[in-house]
Enquirer: 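Let me give you the structure first, and then I'll get to my questions.
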Amino acid sequence: MNLKRVRLDLPEGYNYGLSIFSGWSQLVPFAIDAENRALSRVQVLSSGKIVRATTREGDGGAVTIDVECGFELDIEDLEEVRGVFEIILRLNDDFSPLYDLLARYPEFSWVEEAGAGRSIRCPTVFEDVVKTICTTNASWGLTKGIVRRLCERLGEHFSGELHAFPTPEALASTTEDILRAEVKSGYRSPFLLELGRSVVGGDLDVESWRGSPFDSAALKKEMLVVKGVGDYAANNILHLLGRHDFLALDSWMRKRYAELHNDGEPASDREIEDHYAPFGEWRGLVMNLDMSKEYILKRIQ
DNA sequence: GCGTCCAGGTCTACC
DNA sequence: GGTAGACCTGGACGC
């Protein structure tokens, strides 16, 4: 196995330890090593080489990426890995407008102090959409199981039990029976299959969503055409794209809001939306931060 | 070990 | 536009 190391500079104030523990890191082909604060991922490069890349905190506000591969790695391969992790870690997202906004709200002073706000995402929108569909109407345990079986059944094999995330082509070429019987994605199976086939057939270009010139409402309308993507899923995908002007309300968020802001009584979605409306284009992220404050502060202690 | 109940969003049909 | 019921899995629980 060949091993190469890449260095990745982090923006000032970037909280690497906090970012890598956000939700997606628990879903393969990501893997988290809590003790060593390391995030790894199996990735197929455009050269066809399959690598496992592992980030760890380095010196002077940087992380190192150790890249393992059964083949010799060249400069282009390593640059691609660097680019993949720039996307995953959201290194180019600018959170200073959020911190400026929250400076007016003392109850959120902890956000900038903690360097909070970033959560990891997948290198492709396709993977983000598939994973989001897998979270719908499912416990976290079920989501993890579906995604793991999806990679094991359809992803390129790296070594041992490690697989990459399936390509749209791999998803498109499977069958609903396999998804139901082996991946156990249940009634989501035809949605996943249709997504893969629409992407491969060119009817749906989910990667264009990342740089879309449209506003979030227009983009959301486009997302809702995808079977299996409803209101929650579309809002979550917008969040992953770096747009935070819709609230990704799921049952946990509603329950948490009731505990924190409504004396334990259920609040309507409209009430929750009104509560975070003052935060404008950042309201979705502010809600996420508000709901997760306890967890985040515990994590950075 | 088996059966039952429940939680978790989205889709479709219906009003 | 709003609502009810079906969809499917896995965990919790009682027997």
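Order of the sequence lines sets the chain letters (A, B, ...), proteins ahead of strands, with each chain counted from 1. This is a predicted model, so every value here is computed, not measured.
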Enquirer: Name the nucleic acid region contacted by Arg149(A), choosing base, sugar-phosphate or nothing; use a 4.0 angstrom heavy-atom cut-off, strictly under.
Expert: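 Sugar-phosphate, backbone atoms only, no base.
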Enquirer: If you walk 5' to 3' along DNA chain C, what is the first nucleotide with an atom under 4.0 Å of a heavy atom in chain A, and what is the last?
Expert: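 Using the under 4.0 Å cut-off, the span is dC7(C) to dG10(C).
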Enquirer: So what is the end-to-end bend of the helix from dG1(B)-dC15(C) to dC15(B)-dG1(C), with 5 pairs used at each end and the value given to 10 degrees?
Expert: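 End axes: 30° apart.
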Enquirer: Using distance alone, with no hydrogens and no angle criterion, decide if Asp94(A) and Ser96(A) have a side-chain donor and acceptor under 3.5 Å apart.
Expert: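 Result is yes, a qualifying pair exists.
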Enquirer: Return the residues of residues 215-246 of chain A meeting this criterion: a heavy atom under 4.0 Å from some atom of DNA chain B. Order them by number, or give none.
Expert: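 Val226(A), Lys227(A), Gly228(A), Val229(A), Gly230(A), Asp231(A), Tyr232(A), Ala233(A), in order of number.
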Enquirer: Can you find a side-chain donor-acceptor pair between Trp24(A) and Asp128(A) that sits under 3.5 Å?
Expert: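 Indeed, the side chains of Trp24(A) and Asp128(A) share at least one donor-acceptor pair under 3.5 Å.
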Enquirer: Parallel, tilted or perpendicular: which describes the rings of Phe108(A) and Tyr105(A), with under 30° parallel and over 60° perpendicular?
Expert: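 Perpendicular: the ring planes of Phe108(A) and Tyr105(A) meet at over 60°.
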Enquirer: Please name all residues satisfying ring-ring contact (aromatic ring centres under 6.0 Å, His included) with His163(A), sequence neighbours left out, ordered by chain then number.
Expert: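 In terms of ring-ring contact (aromatic ring centres under 6.0 Å, His included), with neighbours along the sequence ignored, His163(A) is linked to His157(A).
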Enquirer: Are Phe71(A) and Val67(A) connected, step by step, through hydrophobic side chains (Ile, Leu, Val, Met, Phe, Trp, Tyr) whose heavy atoms are closer than 4.5 Å?
Expert: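 No; Val67(A) is not reachable from Phe71(A) via cluster members.
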Enquirer: Can you tell me if Asp290(A) and Tyr257(A) form a side-chain donor-acceptor pair at under 3.5 Å?
Expert: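 Looking only at side-chain atoms, Tyr257(A) and Asp290(A) do not form any donor-acceptor pair under 3.5 Å.
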Enquirer: Whether the Glu80(A) and Ser46(A) side chains hold a donor-acceptor pair (N or O, under 3.5 Å, no angle test) is what I'd like checked.
Expert: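 Side-chain D/A pair, Glu80(A) to Ser46(A): present.
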Enquirer: Is the number of heavy atoms from other residues, nucleotides or ligands under 6.0 Å of Glu161(A) CD greater than 12?
Expert: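 No, because the 6.0 Å sphere around CD of Glu161(A) holds 12 heavy atoms or fewer from other groups.
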Enquirer: Quick check on the hydrophobic clustering: are Leu101(A) and Tyr276(A) connected, directly or via other members, by side-chain heavy-atom contacts under 4.5 Å?
Expert: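 Yes, Leu101(A) and Tyr276(A) fall within the same hydrophobic cluster.
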Enquirer: For nucleotides 4-8 of chain B, which of its nitrogen or oxygen atoms have a protein nitrogen or oxygen under 3.5 Å away, and what is each distance?
Expert:
residue: dG8(B); atom: O5'; partner: Ser251(A); partner atom: OG; Å: 2.8
residue: dG8(B); atom: O3'; partner: Ser251(A); partner atom: OG; Å: 3.4
residue: dG8(B); atom: N9; partner: Asn137(A); partner atom: OD1; Å: 2.5
residue: dG8(B); atom: N7; partner: Asn137(A); partner atom: OD1; Å: 3.1
residue: dG8(B); atom: N2; partner: Asn137(A); partner atom: O; Å: 2.8
residue: dG8(B); atom: N3; partner: Asn137(A); partner atom: O; Å: 2.4
residue: dG8(B); atom: N3; partner: Asn137(A); partner atom: OD1; Å: 2.9

Enquirer: Which residue in the set Asp66(A), Leu73(A), Thr55(A), Leu45(A) passes side-chain contact (heavy atoms from CB on, under 4.5 Å) when paired with Val81(A)?
Expert: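 Among Asp66(A), Leu73(A), Thr55(A), Leu45(A), the one meeting side-chain contact (heavy atoms from CB on, under 4.5 Å) with Val81(A) is Leu45(A).
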Enquirer: Please enumerate all residues that pass side-chain hydrogen bond (donor to acceptor under 3.5 Å, both in side chains) together with Asp59(A), with sequence neighbours excluded.
Expert: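 So Asp59(A) forms no side-chain hydrogen bond (donor to acceptor under 3.5 Å, both in side chains) with any residue.
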Enquirer: Between Asp215(A) (side chain only) and Ala217(A) (backbone N and O only), is there a donor and an acceptor less than 3.5 Å apart?
Expert: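 Present.
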